[in-house]
Structures are given as structure tokens and as C-alpha cells.
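See below for the structure under consideration.
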Amino acid sequence: MKHELSKTYDPKSFEDRIYQNWCDKGYFTPDVADNKPPFSVVIPPPNVTGQLHMGHALDETLQDILVRYKRMQGFSTLWVPGTDHAGIATQIKVEEQLRKNENLIRYDLGREKFLERVWDWKHQYGSRIINQLKKLGTSCDWTRERFTMDEGCSRAVKEVFVNLYEKGLIYRGNRIINWCPHCITALSDAEVEYTEQAGSFWHIKYPIKGEDGYVEIATTRPETMFGDTAVAVNPSDESTKHLVGKTLILPLVGREIPVIADDYVEIGFGTGCVKITPAHDPNDFLVGQRHGLEQIKVMNDDGTINAYGGKYEGMDRYAARKALVEDLDAAGYLIKVVPHTHNVGACYRCGTTVEPMTSNQWFVKMEPLAKPALEVVYDGTVKFEPERFTKTYTNWMENVHDWCISRQLWWGHRIPAYYCDGCGEMVVSKTDVTTCPKCGKAMRQESDVLDTWFSSALWPFSTMGWPDKTPELAKYYPTSVLVTGYDIIFFWVARMIFSGLEHMGKAPFSTVFIHGLVRDAKGRKMSKSLGNGIDPLQVIDEFGADALRFALATGNAPGNDMRFSDEKIESARNFANKLWNAARFVLMNLDIDKVELPAAGELATEDKWILSRLNTLAENVTQNLDHYEIGVALANIYDFVWDVFCDWYIELSKPRLSAGDKIAQNVIAYVLSETLKLLHPFMPFITEEIYQTLPHESESIMISDFPRRRADLVFTEEEAEMERVIALIRAIRARRTEMGVVPSRRAKLSIVTRFGATFAAAVPFFQKLAGASEVKFVDAVTDPTAVQIITDSAVAYIPLADMIDFDAERARLTAELDKNLGEIKRIEGKLANAGFVEKAPAAVVEGERQKLEKYKEVRKGLEEALAKLG
RNA sequence: GGAGGCAUAGCUCAGCUGGUUAGAGUACUUGCUUGACAUGCAAGGGGUCACUGGUUCGAUUCCAGUUGUCUCCACCA
């Protein structure tokens, strides 16, 4: 029976069809009740607002490789997919749309109506990214798809919030937080991005009450002056000591403030006097607490100045700054303006400069949670791969501040706290509270929602049905590995670890496999504003998902950023094409219905050679994958497919295949199909398509057994024999091209060798691959006009006297001999070194001895050859 | 201020726990309608593995320092 593949590799013609079939067959859904060992992964949930970008493509490809590998190895493999509601990001998008299309702001609609719009958005775009994931070939269990705001996840959020609150780990307080005046919400420390900006130091006179003098204050944010409640100096600073206890008058404002002493002020920096604005600076806030200073907030939530700013009320903070500075100057209070570059924090979602402000917010107390989260990393329960990211994590966790979790948004999990306007009672509860338990009046729920990362932190167990004790949790929690980029170690990984420990009593995963960023061909971060993003869907459309996956998985070391370029994707596509054509060749020559590996005694040397090489490959790939060396694993397969299987085995087997040899057919079909299995986790579609056309045992390659090392397929001797033949063929080809012998010119070949049997069996190969017309085995060749080709196992002669330039030949042989003698000397030196022989491992010493033997063989050949030339 | 990455062929990058004749892709040179593939085949040129020390029998690999470069964290008004 002849099988066929279409003439050209056309991924579009089969990728969607194959994916649909996998889904229909339910291969992605594990049986919770089976007794296979578990392997589980939760997807880093993409934002519902998002489109699939290269970062996702990389992340998902790496996960799918691990998941498919483990599934083929017989694990009960669960990959939980889903999406994140992405609080701020999504709300911003919907608000933008609202403004653009209807010229409305969210308050025009009101909370409920606005949320309806966001849900509409979610329903419209949430499925888009899921479909894009499917295009990539991800083998997620879609029957368990989750959303951070679905019923189950929301229930987990409430449960966790109440638990933490009852343990005293969640509290509400008036603290200084980062405020985004554009998004009109508080942000956590992690959500602020700092960039260096050119600014100024404004030096301002603060007059001393009852004296003529003044104190010189330098500030980068003069508009916060309205909120100054003191000026501080260092108590040990001799030059400012006399000021302590005096009263200053705020210029233009006229309010009186004291001069206080605090160690926070650094001696010798600036003017030595610092204005203290407890409501608008984190350090000043602490100083204020120490000295019992009043907190005066001078800004509204949108960043405009409030009534404390007097005539500047209502102005934007920067407009107010400008006007204030002009007025100070006019009134003679401005001493000078000094240029100053400093780091300014911006909102990670909208880029607006954040304003530190005191505000009444909800916080998670981090210290008790951080401790065990550090322990599991210190003791190796949770490992980072590559290891260096351990430090990134521990450094952050060791210095973590309390986590501000409330957001003044509408889109998100509403905080389950209820207030009574009558008696002021507050209740935190998993279930809705409508009437006050104390006074019976109506309760209203907290209007704030939770930080979007609060729910993502619960993802590994909220997606498996927690707080219920589900079979999924019992079998698949903790998960096996978390795959993600180093950019969200703080946002997400850290918070999952302490949440898992706190609520499940176990860390949510044992390994964190970290990858880098995908950059453009010039090494720049892909971004919308630069317009340099490469759309993975377009790449899939043009080159196929397998090529994209190959390009992302190959040649990049764990944790390192990688560049994505046209070259890379083309080279990946070429590989797919190569494999496709190799398969076509195999199929064209196959007329068996079942692949059965012949007994060892029936196999030809080249069969044993390729089987032995395949065996080694399986062993190496397994080891690579177990160590998360995905790029190395793929490179090994690539080399085998192209350089070993295609370039040599296919060529070597052509004579037998065209003669209809069944042994050769079985071997080549076996090797191809095992190779496809090794490659399947990386390139799932093409491997399945080819597998299905070959005679095959399993219904699908994705549920077939991943190849293992087979002790019965170790053929060390035959492998070495074949390598000798290949080495000689290569040497002959090289000599011929070097002499300018056209390929069509065939020549008689005489071989002198002590490996007669090996080479005798290889006569057809010399004829087909080395331009030999006939091959003779002789004891010696005396003809001085024959071209001599020397390897460590044979000397070959080709009578091409007319092509030889004897002087050049002599020079070439001499140079080769020189090089050879150099190597011999080097190894002999090594072996003569007592230190080396004694201390180096025996295998290394033995290796050097064997190398020396080979070099000596070559030397013998070269010397004889030179002698013949005279 | 603190932490970390990177520096290997013209370019983009591999190189796992020290021993290789230092690799790949791409580009380049030469020659090929070899009956799977020109998205291909064959043969080649091209590297003082940033620099300086150290450890070792042996260092591209481990350690320290220097230079260049990138990133993260903290944030002194």
C-alpha cells in the first residue's frame, strides 16, 4: 500500500483540522481518576483585553513543549487555561472606547451600567485570545477554562479576603500610597515604574518668624508646599542646630510651621533643611508620624490643587507649580533654580506620573506571609530555573512592604466589606450583608475593588475548585512547574507562592521556569508605540504554527532575552520543509502496512548505525528536557533530522529502497516515526500529519509513547564502522572538489585498509556518494600519479594524474603532516605529563590515547604518500 | 546606592556539572537540473572565545578584578 503526502509543505492545509481532531478526541483532558502520576501546569492567564503577542507565543510554546512531553511519557497531564480580568487595563480600554464612540465618561453611566459594558467587552474579546492560543497548538484542557472573575474564582477571592482579615493580615488604614491621577486609583509599589527625568531644584526662602533671616529650602515639587507642616534638620548638624524650635512662615501661604530635628535629614546634602509634607511624600510621612505632625493633603484625586492651595485651587498640579514658582519669584522668595535629574514614578498602565498621597486603603500585612514564602525558596522546595532568579525573588521578598490591595476602580472583585452609615459598624463577610447586625440599618458594600493581582495570586488553586476539596486539587495541586517571564516575578510569582502556602499549606509549584523577553531584530522591546511588534498570528498565517514554535524554542538559553527576525522564522520553515520532503521520500518508497523492526541479525551496518544514533538522540533529548534545556533539545533533533537522517541515512538507503528491500523500509519508517515523536512536543502539527500517513500504532502521535533508550539498539561497533565509511567519503569528496574534478567524472577507487570488511560492504556508497566507478581493495598502490586520500582508517587512491599539480599536492601533504605532527606532539606532551595521567579521569586519558593512535595512523599515511611523490 | 545578565565567526546566537580539531543559523566563495527537498545538494573561507590575574595536570568554561553594554530593585528632599 502506497501512502502519499502533498507535494509541498503547506501548514494551512492541516493545522486547524488536526487541532480540531485533538479537541474532538478529548486528548487534552486528563482523567482525574486514573492512577498515572500527575503533571500539571496553570497558564499565566492572558488579559482579556489582549491580543496574542510574541511574549505569549513564547510562554505558551515552552509550556506546551513540557506538557506534551510529559503527556507522551505517560503522566496524567493537566494544563489549565484561562484569562485574567486585568482590572485597570481593561477598565481603561472600555473608558477610552466610551469616550471615543459616545463622548461619555464612566460616571455618566454609573457603576452598574458601566460594568455591563465591561462584561460586553469581555465576552467579545475574551474568546479572541483563547482562539489565538489554539492556533498555536496549545494542548490546554479547554473543558477547564477559567476566568479570574468567574463564579468560582470570585468565591475563592472572598474566602481568602475574609480569612486574611480574620487573621489580622488584612487591615484598612490611612497610609501613604502611590496615586494615579489619571486612573484615579491607588497603586501598589510594584505597579509604579521609575524613569529618570530632567527636573529642577527650586530653592525657596522660608522666612523665620520674628527674625529677619530665612531658611533656604530646596524642593523638586514646590506645589506640595501647601501641605508642609514642618521643616526638618539633622540634630547633629552644627550649621543648622540653632534653627531647631524656631517657627517659619510659609511664603505666600502665611501658615506657621516649626523647625524640627530628625535623623532622616542627611548632613551635607542640599541645604541641610528639608520641608516636611507628610501627606505627599513617603519619607515625610514617617517623619510626620514620629513628630505627630498634621497631614495636609493639597490635591484632589485627579491631581488638581484643592482648597489648601488658596488661589491655586482647581489648577492642575503642574500648572499650579508653574504659577506658584512665578509668584514666589515675583515676591522675592525664589533664590535660584538648579537643574536636577531624578527618578519619577509613573503608572504602569497609563504612564501618568504618580502622586504619593495619604489615603484610606486596604493593605495586606506582608511580614508574616513573606517569611514562609522565603523559607520554601531557601530550602529548595521551590526552585527557580535558571537559578539566578532565586536572588531576584528573595531580594524583593526580604524587603517587601505591605501590599496596597484596594483600587478605586469599578472593574474587579469588589471588596467584601460592608459599612453601616448609621452606627459606623463594619463587617467583612463572604456573603452579602444588607442590614447592620448592631443597629439594623442598611449596610452598603465597600466601593473599592481589589488589585487584579489579588485574584491571580490564587490562580493555581482557585482554578481547581478551591475552597471545595475537589479531586482536581487532590491530584494536581501543587502544580509541577510554572512557566513565565522574569518581568512578573514580583507581580505574580511571589504572590502565588505566599498565597499557596497560606491557604493550601503548600507552595503552588516546585519549579519556576523563567524565560526572557522576545525582542525585535534590532534588540528593541516590542511595543505598540514603537510599532515594531511582530504579530504571531501573521507569522502563523505565513509560515505555520510549527515554524513559529520552532523559531521561538530554538537557540535561546533559559532566562535570556531573544531576538525574533525574518531569518529565524525562514530557517524554521525551511526545517519543516526539509522534514516534509524527507517524509515524502520515505512514503514514496514504502509498501508495508505495519512497521516492524527486523531482528538485529537482519540489519545492515547503516541500519544499526542510524538506530544507534537515534537511541543516543532519544537519551539526550530526554535529559535535555528534564533539565529545561529546550533549545539544546531541539538543536539535537534538528541536527539528527538534517545532518544524520537526511544527509546520510536517506542517501545510504536509496539503493536498497529502490530495490524494494523490506528491511530498509521497516528501518527507515521506524526511524522516521520515532524521530517524529521526539519532535512532536516542539512541532505538533507537522509531526502528526506525517505520522498519520505512515503506518502507525497509536491513534495519534500526541498520545503515543515518547521514545526511550533501548538497550537492544546499542550498536557501538557498527556505529564506528559507518563513521569510518562516512569519513572516507567526505575526504574523497573534499579532494575531488579541491582538485576541480567535476562531479560527473567518475574514477576508479583503490582502498588500502585494515578494516576490509567494513569498506567492502560500503562499495555501493563509494560509487553513489564518492564518484567511484569501481572499487578495489589492495595491499598497496605504487602508482605515483594516483591521488592519495588519507583518513585514520584507510588510504584511498584515485588515478587522476591529469588533474594533479604535483608541487601543490606535495605542499598540501606537507602542511597536513605539519598540522598532524603538531597534534601528535600536543597529545604526547599531555600523556607524558604525570599530573595529567594521575589526576585526570581514566576515561579522559584513554580518550587521548585513542586520539593519538588515530593521528599516528594518519601520519603513517601522510608520510608514505609524501614518499611516493618523491 | 544595591543586585544581576551579557561580551564566542561579518550578523544573530548555542556551548549542560572544566579535557572538543571551538559549533549552529544566516551571510560569503566555488561547483552542482544527483530520480524527497534550489525552502535544496556538495566542498570551502572566516574566531588570540573582551582584557588582566588566580585556582588546576589542564580554563572559552570556575574565581577575582578591569573595561564596555543591558536589565531589575531602592530612591536623598
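In this text the structure is predicted, and so the values were computed from the model without any measurement. So you know, we letter chains A, B, ... as the sequences are listed, proteins then strands, and number each from 1.
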Whole-Å gap separating [atom2] ([N]) and [atom1] ([X]):
| X | N | atom1 | atom2 | value |
| --- | --- | --- | --- | --- |
| A:Asn577 | B:A36 | CG | C1' | 10 Å |
| A:Phe384 | B:G5 | CZ | P | 15 Å |
| A:Trp580 | B:U39 | CH2 | C1' | 14 Å |
| A:Leu852 | B:U20 | CG | C1' | 17 Å |
| A:Ile514 | B:G5 | CD1 | C1' | 14 Å |
| A:Glu398 | B:A74 | CD | P | 14 Å |
| A:Arg519 | B:G5 | CZ | P | 16 Å |
| A:Glu191 | B:A74 | CD | P | 13 Å |

From the options [options], select the nucleotide whose nearest atom is closest to the side chain of [X].
| X | options | answer |
| --- | --- | --- |
| A:Glu567 | B:U20, B:C37, B:U26 | B:U26 |
| A:Lys851 | B:A14, B:A77, B:U20 | B:U20 |
| A:Trp642 | B:C41, B:A36, B:U26 | B:C41 |
| A:Thr737 | B:G19, B:A77, B:A43 | B:A43 |
| A:Arg573 | B:U12, B:U39, B:G19 | B:U39 |
| A:Asn560 | B:A77, B:U20, B:A14 | B:A14 |
| A:Pro743 | B:C41, B:G19, B:G31 | B:G31 |
| A:Lys830 | B:A77, B:U20, B:A36 | B:U20 |
| A:Asn395 | B:A14, B:A3, B:G40 | B:A3 |
| A:Phe490 | B:G5, B:A77, B:C73 | B:C73 |

Sub-4.5 Å side-chain heavy-atom contact between [X] and [Y]:
| X | Y | value |
| --- | --- | --- |
| A:Phe513 | A:Pro558 | yes |
| A:Trp648 | A:Leu769 | yes |
| A:Val337 | A:Phe201 | no |
| A:Met225 | A:Pro251 | yes |

Can you tell me how far [atom1] in [N] sits from the matching atom in [M], rounded to whole Å?
| N | M | atom1 | answer |
| --- | --- | --- | --- |
| B:G47 | B:A24 | C1' | 14 Å |
| B:A64 | B:U17 | P | 16 Å |
| B:A22 | B:U71 | P | 35 Å |
| B:C49 | B:U21 | P | 16 Å |
| B:C62 | B:U26 | P | 29 Å |
| B:U55 | B:C16 | C1' | 22 Å |
| B:U30 | B:G68 | P | 42 Å |
| B:G25 | B:G65 | P | 38 Å |

State, without any angle test, whether [X] and [Y] hold a side-chain donor-acceptor pair at a distance under 3.5 Å.
| X | Y | value |
| --- | --- | --- |
| A:Asp10 | A:Thr8 | no |
| A:Asp262 | A:Asn234 | no |
| A:Asp561 | A:Tyr486 | yes |
| A:Glu191 | A:Tyr348 | yes |
| A:Thr224 | A:Lys275 | yes |
| A:Asn589 | A:Gln665 | no |

Give a yes or no on whether a donor-acceptor pair under 3.5 Å exists between the nucleobase atoms of B:A36, that is its base, and the side chain of A:Glu651.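 Side chain to base: pair found, below 3.5 Å.
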Looking at the base of B:U12, is there any donor atom on it, or on the side chain of A:Arg563, that sits under 3.5 Å from an acceptor on the other one?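 There is none.
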When Watson-Crick pairs (N1 to N3 and N6-O4 or O6-N4) and G-U wobble pairs (N1-O2 and O6-N3) count only below 3.5 Å on both distances, what is the dot-bracket string of RNA chain B, with | for other-strand pairs? (((((((..((((.....[...)))).(((((.......))))).....(((((..]....))))))))))))....
Using OP1 and OP2 only, check whether a side-chain N or O of [X] sits under 4.0 Å from [N].
| X | N | answer |
| --- | --- | --- |
| A:Arg733 | B:A43 | yes |
| A:Lys578 | B:A36 | no |
| A:Lys522 | B:C11 | no |
| A:Lys391 | B:G4 | yes |

How do A:Arg388 and A:Thr195 order along RNA chain B: which one's closest nucleotide is nearer the 5' end?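 Closest to the 5' end, via its nearest nucleotide, is A:Arg388.
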Residue closer to the 5' end of RNA chain B, A:Val837 versus A:His340 (nearest nucleotide):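 The residue mapped nearer the 5' terminus is A:Val837.
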Look at atom NE2 of A:His627 and say whether more than 12 heavy atoms of other residues, nucleotides or ligands are closer to it than 6.0 Å.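 Not more than 12 within 6.0 Å, no.
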A:Lys654 to A:Phe585, cation-pi by 6.0 Å centre distance and 45° axis angle: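 The answer is yes, since A:Lys654 meets both limits relative to A:Phe585.
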Give [X] one of three labels, base, sugar-phosphate or nothing, depending on what nucleic acid heavy atoms sit under 4.0 Å from its own.
| X | value |
| --- | --- |
| A:Arg524 | nothing |
| A:Cys646 | base |
| A:Asn624 | nothing |
| A:Ile650 | base |

Going by an N to O cut-off under 4.0 Å, is there a salt bridge joining A:Glu387 and A:Lys383?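 Answer for the salt bridge query: no.
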By a strict heavy-atom criterion of less than 4.0 Å, which residues belonging to residues 541-556 of chain A are in contact with RNA chain B?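 Nucleic-acid contacts, sorted: A:Gly555.
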